[in-house]
S.K.: 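Below is the structure I would like to discuss, written out as structure tokens.
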Amino acid sequence: MVNSNVEVKKQRKDSILDEISISFAVVLAALVLNFLTGLISLNKLEGLPIVMPLVLAPIGAIIGLIEYRINKYKLSLFGIIFNILMFLVPIFYNIFGTLIFGV
């Protein structure tokens with residue numbers, strides 16, 4: 001009865017869906033940064049790293065959303081936000097490229 005007012009924290013099991021959602025966004029961010037800076041020469045991929053977030057980021061966001069609805073973890077929420085930002089990168093890249101270079 002002494003500890004009746006103390007809340008017991010839930011033990012968090014690591015979920016693979018959190019890690020998949022975050023890894024989608026991290027890999028996409030690495031490819032986009034490599035495309036913009038040219039640190040590693042990926043001549044065969046050409047413009048694919050800037051287009052891949054349009055396809056893969058929504059998949060990562062959906063995976064994060066599924067995990068967030070199940071367990072309400074902050075890590076899955078971070079994965080959703082990061083994937084949405086990665087989805088917007090190619091859109092802003094094309095908009096600013098058109099504004100700056102006028103093509």
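When reading the values below, keep in mind they use all heavy atoms of this one structure, side chains included, and skip hydrogens, waters and symmetry mates.
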S.K.: Counting only pairs under 3.5 Å, give me each side-chain donor-acceptor contact of residues 22-33, with atom names and distances, residues two or more places apart or in other chains.
M.R.:
from, atom 1, to, atom 2, distance (Å)
Ser23, OG, Glu19, O, 3.0
Ser23, OG, Ile20, O, 2.8

S.K.: Between Tyr73 and Tyr68, what is the shortest heavy-atom contact and its length?
M.R.: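 Looks like O-CD1, 3.5 Å.
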S.K.: Looking only at heavy atoms, which two atoms of Gly64 and Ser76 are closest? And how far apart?
M.R.: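 Heavy atoms only, the tightest pair is O-CB, 3.6 Å.
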S.K.: Without placing hydrogens or testing angles, list every side-chain donor-acceptor pair under 3.5 Å for residues 81-90, not counting sequence neighbours.
M.R.:
from, atom 1, to, atom 2, distance (Å)
Asn83, ND2, Ser21, O, 3.0
Asn83, ND2, Ser21, OG, 3.2
Asn83, ND2, Gly79, O, 2.8

S.K.: Counting only pairs under 3.5 Å, give me each side-chain donor-acceptor contact of residues 42-63, with atom names and distances, residues two or more places apart or in other chains.
M.R.:
from, atom 1, to, atom 2, distance (Å)
Asn43, OD1, Ser41, OG, 3.2
Asn43, ND2, Ser41, OG, 3.4

S.K.: According to the side-chain hydrogen bond (donor to acceptor under 3.5 Å, both in side chains) rule, which pairs have a member within residues 48-59, sequence neighbours left out?
M.R.: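 Non-adjacent pairs meeting side-chain hydrogen bond (donor to acceptor under 3.5 Å, both in side chains): zero.
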S.K.: Which value, rounded to the nearest 0.5 Å, describes the distance between Asp18 atom CG and Asn71 atom CG?
M.R.: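 So the gap between those two atoms works out to 7.5 Å.
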